[in-house]
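Okay, structure first, notes after.
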Amino acid sequence: MRLKKSRTTVVLAVTAVTLAACGGEPPRDTAAEVPHGYVEGAEEAAEAQSRLIVADPASGAVRVVDLITEEVHEAGRVEGVRGLIGDGRFGYLTGGDASVRVIDSGAWMVDHGDHVHYYRAKPREVGLAPGKQPLGAYSDPVVSVVSFSDGSASVLDRAALDKGSVAELGRIVREPHAGIAVPYGKHILASVADQGKPYAHRVRVHDRQGKPVAELDPPCPELQGQAVTRRGVVFGCADGALLVTEKDGKFTGEKIPYPPEAAAHERATAFSHRPGGTTLVAESGDGAV
């Protein structure tokens, strides 16, 4: 997912992020005739659905542009919009008062390993998320987790979002830092920082209500950057990448050294992962990969 900003528009592409639904996460409706990953009101498509959420800071107008049909859908207003992040379907727009408005792009995909389902539905405004100044958002078929600059993370009911409303299931409270929380393995992986430190130093496992249940080793000093892959969740650390995997409810952390040639560049600060692919690219602060 790529974020673009200018003085006149804030734009979010919402076509390229996979919602992985195979890892022990069945859809809410398990009737045999219902396609895996389907939600009420959606139409299954034969190809990826490319849409943009576009916001105008001057007027506050929010629109969803369908790049396949060229239709433009009105999706409410956000006064003084100044930021936009997404989780693969929903956009989270930061307004001038730092409040967070949720917009449903109406386009998403569900990866099942050997096949992918593509869906399209009518875009719409969903409501306000319970927090301010979001840093990131990740989803699985059951929850969407939005991380905020005050260190908190809100666990939202994915089924409610699919139906057009915001319902908070739980909340993670941490020391303020540039952190993130990612749903994985029926739990949530959240970065943890010491008081007064800008970056996290380890990853903690929480349940879906936000309660901490386990500390992961090894540590991840100066955590920056993360990616969800089929194998697990990867976090960028100052001393290598931390791969977190889950099996039978047990979470394991494994440190993966950066390649020797990376020593000539700054440490990885972001990851690029093509959904369904096998390659994870670490991007350094100076643009090297």
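Heads up: numbering here begins at 1 and tracks the sequence.
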message: Side chains of Glu44 and His117: any donor to acceptor distance under 3.5 Å?
response: yes
- prompt: Within a strict 4.5 Å, meaning less than it, do heavy atoms of the Thr94 and Pro134 side chains meet?
  reply: yes
message: A side-chain contact here means heavy atoms from C-beta on lying under 4.5 Å apart; do Val62 and Ile103 qualify?
response: yes
query: What's the verdict on side-chain contact (heavy atoms from CB on, under 4.5 Å) for Cys220 and His201, showing C-alpha distance, side-chain angles and the deciding distance?
result: CA-CA 5 Å; Cys220 182; His201 66 92; over 6 Å; no
message: If I compare all heavy atoms of Ala42 with all of Trp108, which pair ends up nearest, and what's the gap?
response: CB-CH2, 3.6 Å
query: Any ion pair linking Glu125 and Arg101 (charged N to carboxylate O, less than 4.0 Å)?
result: yes
statement: Between Tyr138 and the options Val143, Ile180, Asp87, the side chain to side chain contact (heavy atoms under 4.5 Å, CB included) test singles out Ile180
query: Taking everything shown except Lys197 itself, do over 12 heavy atoms lie less than 6.0 Å from its NZ?
result: no
task: Taking the side chain as every heavy atom from C-beta outward, state whether Val64 and Val72 have any pair of such atoms under 4.5 Å apart.
output: no
- request: May I ask you to decide whether Asp56 forms a salt bridge with Arg63, counting only side-chain N to carboxylate O separations under 4.0 Å?
  value: no
query: At their closest point, which heavy atom of Gly253 faces which heavy atom of Pro218, and how far apart are they?
result: O-CD, 3.4 Å
- prompt: Stepwise, does the side-chain contact (heavy atoms from CB on, under 4.5 Å) test hold for Val145 with Arg208?
  reply: CA-CA 10 Å; Val145 183; Arg208 288 248 173 87; over 6 Å; no
field: Separation of Asp157 CG from Ser165 OG (nearest 0.5 Å)
entry: 7.5 Å
message: To the nearest 0.5 Å, what is the distance between OG on Ser105 and CZ on Arg124?
response: 11.0 Å
query: Taking all non-hydrogen atoms of both residues, which atom of Ala48 and which atom of Tyr118 are closest, and how far apart?
result: CA-CD2, 3.3 Å
query: Is any side-chain heavy atom of Leu216 closer than 4.5 Å to a side-chain heavy atom of Val205?
result: yes
query: Going by distance alone, is a donor N or O of one side chain under 3.5 Å from an acceptor N or O of the other, for Arg231 and Thr245?
result: no
field: Working for side chain to side chain donor-acceptor pair (under 3.5 Å), residues Arg174 and Ser191
entry: CA-CA 9 Å; Arg174 303 165 291 176; Ser191 58; 3.2 Å; yes
query: Between Arg120 and Asp66, is there a side-chain N and carboxylate O pair less than 4.0 Å apart?
result: yes
query: Are Arg89 and Asp104 within salt-bridge range, i.e. N to O under 4.0 Å?
result: yes
query: Among side-chain atoms of Arg171 and Ser152, is any donor-acceptor pair under 3.5 angstrom?
result: yes
- request: From the options Leu223, Val233, Asp217, Val192, select the one residue that forms a side chain to side chain contact (heavy atoms under 4.5 Å, CB included) with Val203.
  value: Leu223
message: Do Phe148 and Val100 make a side-chain contact, defined as non-hydrogen atoms from C-beta onward lying under 4.5 Å apart?
response: yes
- request: Hey, could you give me the CD/NZ distance between Glu71 and Lys122, rounded to the nearest 0.5 Å?
  value: 10.5 Å
task: Measure the shortest side-chain to side-chain distance between Leu67 and Leu52 over non-hydrogen atoms and say whether it is less than 4.5 angstrom.
output: yes
- prompt: Judged by atom type as modelled, is there a donor-acceptor pair below 3.5 Å linking the side chain of His177 to the main-chain atoms of Glu175?
  reply: yes
- request: Measure the SG-CD distance between Cys237 and Gln226 for me, rounded to the nearest 0.5 Å.
  value: 10.5 Å
- line: Between Arg82 and Ala98 the two heavy atoms that sit nearest each other are NH2-CB, 3.5 Å
- prompt: What pair of heavy atoms forms the shortest contact from Ser154 to Pro130, and how long is it?
  reply: OG-CG, 3.3 Å
field: Full working for side-chain contact (heavy atoms from CB on, under 4.5 Å) between Val166 and Leu161
entry: CA-CA 6 Å; Val166 178; Leu161 289 175; 4.1 Å; yes
ILVMFWY network linking Leu135 to Val173, side-chain heavy atoms under 4.5 angstrom: no
Distance (rounded to the nearest 0.5 Å) between Ile85 CD1 and Leu93 CG: 9.5 Å
Side chain to side chain, Pro141 and Arg158, heavy atoms closer than 4.5 Å: no
- request: Kindly indicate, with the supporting measurements, whether the criterion ring-ring contact (aromatic ring centres under 6.0 Å, His included) is fulfilled by His187 and Phe251.
  value: CA-CA 10 Å; His187 289 72; Phe251 291 82; 5.2 Å; yes
task: Group every Ile, Leu, Val, Met, Phe, Trp and Tyr by side-chain heavy-atom contacts under 4.5 Å, then state whether Ile68 and Tyr119 land in the same group.
output: no
- request: Say whether Phe235 and Tyr199 are linked into one hydrophobic cluster, either directly or through other cluster members, by side-chain heavy-atom distances under 4.5 angstrom.
  value: no
- request: Mark yes or no for whether Arg204, through its side chain, and Ala214, through its backbone, hold a donor-acceptor pair below 3.5 Å.
  value: no
- prompt: Taking only residues at least two apart or on different chains, which pairs with a member in residues 247-256 satisfy side chain to side chain donor-acceptor pair (under 3.5 Å)?
  reply: Asp239-Lys255
field: Residue pair Ala181 / Ile172: nearest heavy atoms and the distance that separates them
entry: CB-CD1, 4.4 Å
message: Applying side-chain contact (heavy atoms from CB on, under 4.5 Å) to Leu128 and Val102, what does each step give before you reach the verdict?
response: CA-CA 6 Å; Leu128 285 173; Val102 185; over 6 Å; no
